[in-house]
Amino acid sequence: MEHNKKRKIVIAIDGHSSCGKSTFAKAIAARLGYIFIDTGAMYRSVTLYALEHGAICNGIVNEDAVIALLDDITITFRFNPMRGASDIYVNGDLVEGKIRTIEVSNFVSAVSSIAQVREKLVAMQQQMGASRGVVMDGRDIGTVVFPDAELKIFMTAEPKVRAERRYAELTAKGDKVCFEEILENVISRDHADMNRAISPLRQAADAIVLDNSYMTVAEQMEWFDAQYERVLSTL
Ligand code: DC
């Protein structure tokens with residue numbers, strides 16, 4: 001058993017937007033001493049860069065322009081001890097505080113449905129997890145990025161609960177936001193994520209579902225510990 005505990009695995013966390021995947025993944029990584037990678041932050045960073053460099057104009061994503069920018073984008077993560085997680089940088093600039101705006105949220109589904117964008121980011125993610133010992137959250141981690149992940153979790157929560165959480169998060173930061181707009185964004189992103197042609201969001205056959213609509217973080221951790229023990233006992 002002790003031998004198994006030392007064995008590092010890949011933990012893939014996929015699911016709907018705004019259901020606390022990152023909070024959950026970050027807590028697990030801290031518990032296990034694993035690296036946490038928020039792949040949504042990578043798609044958001046490409047979207048921000050596209051917005052700032054004219055590839056998204058008048059509400060329209062110019063796919064060719066986004067693709068042409070890809071070679072200019074270098075994404076890195078640096079651990080921030082104050083947050084207990086890694087901050088994301090684009091070409092050396094800290095973008096962590098700029099990627100979760102409603103503007104980026106409104107365009108990220110379109111940007112993340114571009115094949116070349118996914119190709120570049122998936123290759124980076126596979127490289128980041130090559131030595132295992134990672135908790136990666138996203139939409140296609142258990143299906144495309146690490147189909148051989150030892151533990152796959154599919155997270156979900158009711159849309160209204162997810163919108164309430166995002167609303168609280170944004171208003172706490174001082175953003176002036178409208179609840180209805182956030183709820184609409186949550187629902188339309190679910191639709192876009194699940195219906196896009198490339199790597200749509202879907203539950204891997206061997207993933208286990210965690211619906212955390214009415215669960216505290218502590219209850220989710222307890223649930224995780226049981227799943228982790230179960231997986232280790234099979235290795
Ligand atoms: O997890 P998030 O809400 O920050 O993700 C932002 C968007 O990025 C989401 O709408 C879908 C996309 N995404 C993706 O297509 N594949 C991933 N592995 C992660 C995120």
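Indexing begins at 1, ligand by ligand and atom by atom, following the structure's order.
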**Q.** Heavy-atom nearest neighbour in the protein, as seen from atom 18 (N) of ligand 1, with distance rounded to 0.1 Å
**A.** D140 OD1, 2.9 Å
(Q) Is it true that S18 and R165 share a donor-acceptor pair across their side chains at a distance under 3.5 Å? (A) no
Q) If you group Ile, Leu, Val, Met, Phe, Trp and Tyr by side-chain heavy-atom gaps below 4.5 Å, do L210 and I9 land in one group? A) yes
Q | For atom 19 (C) of ligand 1, closest protein heavy-atom neighbour | A | T39 OG1, 3.3 Å
(Q) For atom 12 (C) of ligand 1, what's the nearest protein heavy-atom neighbour? Residue, atom name and distance, please. (A) S112 OG, 3.6 Å
Q: Look at atom 16 (N) of ligand 1 and say which protein heavy atom is nearest, naming residue and atom and giving the distance to 0.1 Å.
A: R118 NH2, 3.0 Å
**Q.** Proximal ligand 1 atoms for S109, defined as those under 4.0 Å from one of its heavy atoms
**A.** 10 (O)
Q. Is there any N or O on R100 that sits under 3.5 Å from an N or O of ligand 1?
A. no
Q) Considering only heavy atoms from C-beta outward, does the side chain of T143 approach that of I141 to under 4.5 Å? A) no
Q | Region of V145 engaging ligand 1 - heavy atom pairs below 4.0 Å | A | neither
**Q.** Ring geometry between W223 and F24 (parallel below 30°, tilted from 30 to 60°, perpendicular above 60°)
**A.** tilted
Q. Quick one: nearest non-hydrogen protein atom to atom 10 (O) of ligand 1, plus distance?
A. R189 NH1, 3.1 Å
Q | Which residue and heavy atom of the protein sit nearest atom 4 (O) of ligand 1, plus the separation | A | R44 NE, 2.7 Å
Q. In the protein, which heavy atom is nearest to atom 9 (C) of ligand 1, and how far is it?
A. R139 NH2, 3.3 Å
Q) When only distance counts, is D137 in polar contact with ligand 1, meaning an N/O pair under 3.5 Å? A) no
Q | Shortest protein contact, atom 11 (C) of ligand 1 (heavy atom only) | A | D193 OD1, 3.4 Å
**Q.** Residue pair T156 / D211, side-chain donor-acceptor N/O under 3.5 Å
**A.** no
Q: Examine ligand 1 and decide if any of its atoms is less than 4.0 Å from a heavy atom belonging to M42.
A: no
Q | Heavy-atom side-chain contact between R118 and S199 under 4.5 Å | A | yes
Q) Are D72 and N91 linked by a side-chain donor-acceptor pair shorter than 3.5 Å? A) no
Q: Check each heavy atom of R196 against ligand 1 and say whether those closer than 4.0 Å belong to the side chain, the backbone, both or neither.
A: side chain
Q. Counting heavy atoms not belonging to E222, are there more than 12 under 6.0 Å from its CD?
A. no
Q. Are side-chain N/O atoms of S105 and R44 paired as donor and acceptor at under 3.5 Å?
A. yes
